[in-house]
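So that the names make sense, note that chain A is the first sequence line, chain B the second, and so on, each numbered from 1.
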Amino acid sequence: MSTKTASARPAKRLGREERLAYGAIFPATLLLIALLFAPALAVAVVALTDWQLGATTLHFVGLENFKALFADPVFWTALKNTFLYVLIVVPGTVVLGLIVALLIEASPRLRGFYRAVHFLPVMSTMSAMAIVWGTMLHPTIGLVNRVLASIGIAGPNWLRDEQTALLTLAVIGIWQGFGFAMVLFVSGLKSIPQELYDAAAIDGADSIFERLRTVTLPMLGPVMMFVIVLTACRCFEVFDSVSVLTQGGPNYASEVLLHRLYTESFNYLRTGYGAALTVIYLTIIVCLTLGQTRIMERRVHYT
Amino acid sequence: MANIHLDTIAKGYGETAVLKGVSIDIRDGEFLTLIGPSGCGKSTLLRIIAGLETQDSGSIAVDGDIIDGKRPKERDVAMVFQSYALYPHYTIYDNIALPLRTRRLSNAQRFPLLGSLVPGRQTIEVGIRQEVGNVAEMLGISHLLDRKPGQLSGGQRQRVALGRAMVRHPKIFLMDEPLSNLDAKLRVQMRAEIVDLHRRLGVTFVYVTHDQAEAMTMSDRVAVMIGGDVLQIAPAEELYRNPDDIRVAEMIGSPKINVVARKHWRIGAPQFALPDSQIAFRPESATIAAPSGGMLEGNVAGIENLGADIFVKVELGDAGPMVVRRAPGERRLEIGESVSVITDAAHMLVFDAAGKRVRPVERIAA
Amino acid sequence: MSKLSSISRKVPQILRHGILACTGLFALLPFIWMVSLSLKPQEDIFAADFHLWPSQFSGVENYTAAFVSAPMLHFLANGIFVCAAIFLVQLIVCVPCAYALAKLRFCGKDTLFAAVLVGILIPPQALAIPHFIMLYLFGILNTYASLIVPWMISAFGIFLLRQFFRSIPDETLQAARLDGLGEFEIIWRIMLPMSTPAIAAFGIFSVVAHWNDLFWPLIAVRDQEISTPALGILLFRDDETGQSLGPLMAGSVIIVTPLLLAFLAAQRRFIDGMASTAAK
């Protein structure tokens, strides 16, 4: 008799915990589906249609959008520029961030001040700061060309020149991001145990560069990897500075993927084409992030 | 006031059975200790009594009422946890007051932010303040009420945890290794305080520990658990003198009881001990004699002088080592010296091959 | 001799400050330039010779022009409202879910957690088209709702809070259950107060991201009335007054300052918060 009630009861209690859990996850689950997974699926579907925003008809066109995309030289320019941007900004950000981090951590003097100063660009609203950069790079009244002129060099029209536009945007990208890399490097430096430096000193590696080579840089390996991938992800998302300063011009010299996506989808309202572009973009980002987790896992075993 | 009736409680996680049908009757106002090695199921049993976990089968009755389906807060039990589980963001006062607030304030009065505006809350709070004050005074922590748990020492946190349990006058007190995070000296002191608390409150205590000293000194009765089973429930003295199972005998007592297989005894083994049985005796019920004068022969392998007692470790060869207690006045022994050991039949405990106790009467009855 | 060695010992220090001053100047230059221009009259900006400090102080005129010809305060208020609303909704949605994932047993838990991890992978920009279509179908484009709705869920927030909730010992929750707290009260009175570092980190991450976001407001909003600061400054640039650099720079100062002040006031929190949420 008593065992009978007892065996019936536990099931009921477990049920209560489950009911509670389902109540708790219901809103989040619903929104995850409605705002993340269903839209992601919708992008893939729209990419296979000729749909245009506001149109009432819709035809499946198979891979036509992708064919059009791959036949479009502007797409290839945008892709090339994006990778070029990544190739400039990532090393720039990592090297500058690492140097600043090493110098800041080298001594406690003014440490907090330097950290705050270098972190300010990370916090600033890019659209406003891009406008400011625009005036600094102005061919005649801009700070950069005034300084160059004072030493007798006639600076180019940085943002209007096909040769310099992308490079200039990349410098702005480094400006915005290197403080963040610095912060990540600092936290990586802090986690290196002092005993390793002591051991290195006893083993004879006591000059600054020896310490750097034998202890600091190898121990920073995982953080370095992380900063590289993170910066690369942010680079693929570059949009604000392009949109504010060059609109991808001149002559697509600074056109990048996300700005292309925006222009095609929301200016020209070529939704199917934009969706195909989105699929490409999504694939790149997901591969990059997955690659990072794969590498990070291997690194964890190593350290 | 409550007696607790545990009826064949069983619990398993996946393949492993943690409790294999445990039945215990805990008397009203009793201090019962559950002792056993880690993983024996003692903490699980305690959590099942509290309602924090649910048994797979079996039932629990308190004062005759089955409480199986009840939630923890409906069971009128209080629990002191190993880590104390104080709320780090609340002051000591709020930590102790919380169980009273949840019981006395209505849902509206407990509503986040707006609750303090609901009428009637103030008068209830005054009553709570009074009671928290009483408890704090009783435990000597009145001066700590404004602090947070992080600012307290281990012993003080322990008292707060006790206070939080006491404040609502539960029928049953459950304690899950409450002293294991304290240093040795404080542990002895808190042991006495908890016993004193039990005497003053007079309610049922169920206490889980793996420390036999706590079990022996604090409890009315001790339940020895191994591998999900209760082997024996008895007062500490009884467990020590008259264990039912060789595992109980080995767990209780320090230094450990000596166990020597029947076959190693030259002479003196009880007649009812079968050839495959084991014979055990306590260090204090044996004496050292000249070589070949006693029942077991061996060499002195070590001497531990604790001042009041001297424990001599004797290596018996195949039969393994054993320990004899001597008084300080006796002749000094040398390491390696050949000796023999004498004990008397009245102090021998005989266990069969499976480890169950064999008593002379049973032998005669059979 | 000793003097020489003391100098040589100071060299690394001098070098350190020298290099950091250079990189620091690189970081600060746009801010200095922005403030400098915002205090100058138009003719001073276009003058042939350049001074950092204005020869003729017209800060008052520039900032007045920015405030009068564009609803700068309105942009800021929009920014605060939208960011606060987004974060509040995210908390309400994510906290119970994170709690269930961290502390409750239920069927499908692993699946949900895997879904959350996949959700973190998806860059929000990639969902702009379907979000836009959805809001268009609901007819709420160009409203506050259109700025908030797509961000109501944060897979990253769920993940972050779940990780933190897991570090809260089960014994504390069990003690709370014995003390008579219901599950909602456990979340409100125990989990949330004990998780303030994680909540703060998530809050900083969320607010910084949405305050500075330009991509989505550019798509969803055309109207100055509901522009967030990042979009508002662009609208102001295209405005007639914004053609003059002084007021435009003044406007930029107004847009950039609030977040920077918040950062300077709680540097440690911000830096730790941004660093700990970098996994995104």
- Going by atom types only, do A:Tyr262 and C:Gln125 share a side-chain donor-acceptor pair under 3.5 Å? no
- Looking at C:Ala115, C:Ser154, C:Pro229, C:Gly108, which has the largest count of heavy-atom pairs under 4.5 Å with chain A? C:Ala115
For [X], is it the side chain, the backbone, both or neither that has a heavy atom under 4.5 Å from a heavy atom of chain A?
X	value
C:Phe31	both
C:Met34	both
C:Phe263	side chain

Choice from [options] maximising heavy atom contacts with chain C below 4.5 Å:
options	answer
A:Thr271, A:Leu35, A:Ile104, A:Leu30	A:Leu35
A:Ala42, A:Pro27, A:Ala38, A:Ala116	A:Ala116
A:Val186, A:Leu32, A:Val286	A:Leu32

Using heavy-atom distances under 4.5 Å, tell me whether [X] contacts chain C through its side chain, its backbone, both, or neither.
X	result
A:Phe37	side chain
A:Val147	neither
A:Thr135	both
A:Phe113	neither

- Message: Could you check whether C:Arg177 pairs with C:Glu183 (Lys NZ or Arg NE/NH1/NH2 to Asp/Glu carboxylate O, under 4.0 Å)?
- Response: yes
- Task: Report the C-alpha separation of A:Trp133 and C:Trp33 in whole Å, then their side-chain angles, then the decisive distance to 0.1 Å, and conclude whether the ring pair (Phe, Tyr, Trp, His ring centres under 6.0 Å) test is met.
- Result: CA-CA 9 Å; A:Trp133 272 102; C:Trp33 174 259; over 10 Å; no
